[in-house]
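Scroll down for the structure; my scribbles are underneath it.
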Amino acid sequence: MDLTNFMSICSQIMGGFGRTLLIFFITLIFSMPLGLLVARGRMSSVTLVKRLVQVIISILRGTPLMLQLIVVFYGPYFIFGSKLSSSWRMMAVMIGFSINYAAYFGEIFRAGFEAVPPGQLEAARVLGYSKIQTYWKITFPQMCKRVIPPVTNEVITLVKDTSLAFALAYTEMFTLAKQIAAAQSNIAPLFVAGLFYYIFNFVVAWIMELIEKKLGYYN
Amino acid sequence: MSLFEIKNAKKSFGDLQVLNDISISVDEGEVVAIIGPSGGGKSTLLRCATMLERMDSGTLTYLGEDAARPDGAGGITYASPADLKRITGYFGLVFQNFNLFPHYSVLKNITDAPICVQKRDKSEVMKVAADLIRKMGLEGKEDYYPQQLSGGQQQRVAIARALAMNPQILFFDEPTSALDPELTAEILRVIRGLAKEKMTMVIVTHEMSFAKDVADRVVFMDGGYIVEQGRPEDVLVNPKEERTQRFLDRFSN
């Protein structure tokens, strides 16, 4: 592989990289708040809610993400007989990823909340903080700090998992790399894609480390 | 006038009856020390008084307002959330383990609840906090985080945090039990200072000599009962009850 070829592979792959980034950021933006909701449901004092959330988490963690993407994509067709547009393809990828990651983040957040000492809640109660104030001012910030290492793991996994969007023929970076490799009868494009993932994750890990340092201000 | 009163308080955890018909009232300016063996119900009494724990039955009154009263069917009803919120403002609690908010600076620990819960004017709260910080000997520590302070300093921040709410009565749950002996003295000095200013306080403690000089009344609890109460020199020096005597004997050697 000479330099010109390498550069041309890079520029072609860059075309798919935008979509990879899109899946990545959309998933993070939706799955994290959704994860908070999952954590809340998982810790609910209403047994029905708790069990229901447990079952949903169990299914989302226990089946392949690829299969979940397919279910989300074809679901409207099988349930409502709707026509599947290409914009729905993209939506299905985002929805599938967000829901799946929300299940994982939810469990991580729950562990983080449970690790906040009960004395913190008692102090907040005696000082008259409302439940909402206690959540946002006292427990949530302490939870965030505790969960950074496992969240980093998930975020790094997400970078690589974006390649599963190929299951819905959504041409993100890896799908594109495979197409180029097939067209050129050469596996070099796959390695170039690997390099892109590695650099992406290198940056992600670096950013997460910065966040961890920033949140570690109090000890 | 009694600032705080708890009547016929009962509380059990499963089969274990932790409070057996406890009644106690505290007058304005009074300092009450509660002593007794571990598991005697002291902390549970404080937790019921501060509503961290629900009583099974009984009456809980602050400044003449009922926070909880018997429902007439052997149970208990607590006041409405709005009333309870107001009543919560009448008292403060200092914990054994401080329970400071680790992600807040010293200053924010002290000022956040007065500003965000009591909705008081920020500049007024800042002034109150500055006074408390000086009084607690914490000058220069305003921007420190709790983890950067000694246990004694943390407990002084916790006392300042409670006082910043302008409580009518302050409860202390073994405030020196988590501290080294040399740090204990500084906390006891602070509490003594508050007693001089006529702060109404209820202190669960294992410091007998401290109870003797600072308290107006000593309450000895054991087995979920108030076994004996009275002036410190009576209860601690010449107790009427044999159980009190046995407890004190164990303490003196």
Side-chain angles (χ1 to χ4, degrees), chain A residues 32-33 35-36 39-40 43-47 105 108-152 207-219, chain B residues 43 46-47 49-54 81-82 84-106 108-120 143-149 154 157-158 161-167 169-173 178:
Chain A
M32 290 215 173
L36 284 178
R40 188 74 205 78
M43 294 187 293
S44 173
S45 48
V46 183
T47 318
F105 283 135
I108 291 172
F109 294 162
R110 176 181 64 89
F113 278 119
E114 285 174 353
V116 175
Q120 291 290 308
L121 298 175
E122 293 182 349
R125 226 165 108 192
V126 171
L127 289 168
Y129 286 102
S130 68
K131 278 198 170 129
I132 293 170
Q133 283 176 322
T134 304
Y135 183 87
W136 289 113
K137 295 176 84 83
I138 312 297
T139 46
F140 179 76
Q142 295 187 52
M143 178 281 288
C144 285
K145 178 178 187 278
R146 280 162 208 272
V147 300
I148 291 296
V151 164
T152 303
I207 290 171
M208 293 306 283
E209 208 178 300
L210 285 185
I211 294 175
E212 190 171 350
K213 277 211 186 95
K214 193 157 162 40
L215 289 178
Y217 64 91
Y218 60 81
N219 55 11
Chain B
S43 285
L46 227 54
R47 291 175 64 81
T50 52
M51 299 189 278
L52 288 175
E53 213 71 73
R54 272 179 75 98
L84 288 182
K85 190 174 176 190
R86 193 184 54 252
I87 292 169
T88 298
Y90 296 156
F91 62 80
L93 172 62
V94 174
F95 297 87
Q96 183 176 349
N97 299 315
F98 333 131
N99 290 340
L100 291 174
F101 302 129
H103 58 304
Y104 282 177
S105 67
V106 166
K108 188 149 187 191
N109 262 286
I110 297 171
T111 57
D112 194 68
I115 294 170
C116 297
V117 175
Q118 295 181 322
K119 314 279 182 212
R120 277 154 59 190
D143 298 326
Y144 282 53
Y145 288 92
Q147 297 292 314
Q148 300 169 300
L149 303 177
Q154 289 188 50
V157 175
R161 177 175 73 172
L163 288 172
M165 303 290 282
N166 292 327
I169 178 169
L170 199 47
F171 294 95
F172 290 84
D173 188 7

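Computed from a prediction, not measured in an experiment: that's the story for all the values here. So that the names make sense, note that chain A is the first sequence line, chain B the second, and so on, each numbered from 1.
B/H103 and A/Y217 get closest at one heavy-atom pair: O-OH, 2.7 Å.
Proximity to chain A (any heavy atom under 4.5 Å) is shown, for B/F101, by both the backbone and the side chain. With a threshold of 4.5 angstrom between heavy atoms, A/Q133 approaches chain B through side-chain atoms but not through N, CA, C or O.
Note on B/Q148, B/M51, B/R47, B/K85: by heavy-atom pairs under 4.5 Å with chain A, the leading option is B/R47. With chain A as partner, the option from B/G89, B/C116, B/P81 having the largest number of non-hydrogen pairs under 4.5 angstrom is B/C116. Of the residues considered (B/P146, B/P102, B/A164), B/P102 shows the highest number of contacts with chain A, using heavy-atom pairs under 4.5 Å.
Residues of residues 123-130 of chain A lying within less than 4.5 angstrom of chain B, judged on heavy atoms, are A/A123, A/A124, A/R125, A/V126, A/L127, A/G128, A/Y129 in numerical order. Applying a 4.5 Å heavy-atom cutoff, the residues of residues 136-149 of chain A that approach chain B are A/K137, A/I138, A/P141, A/Q142.
Take B/T50 and apply the side chain to side chain contact (heavy atoms under 4.5 Å, CB included) test, not counting sequence neighbours, and it matches B/L52, B/F91, B/L93, B/F171. By the ring pair (Phe, Tyr, Trp, His ring centres under 6.0 Å) test, B/Y90 is found to be paired with no residue, residues two or more places apart in sequence or in another chain being considered.
The number of heavy atoms from other shown groups lying within 6.0 Å of CZ (B/R86) is above 12. Heavy-atom contacts from other residues, nucleotides or ligands closer than 6.0 Å to CG of A/L210 number more than 12.
A donor-acceptor distance shorter than 3.5 angstrom exists from the side chain of A/Q120 to the backbone of B/L100, with no hydrogens or angles considered.
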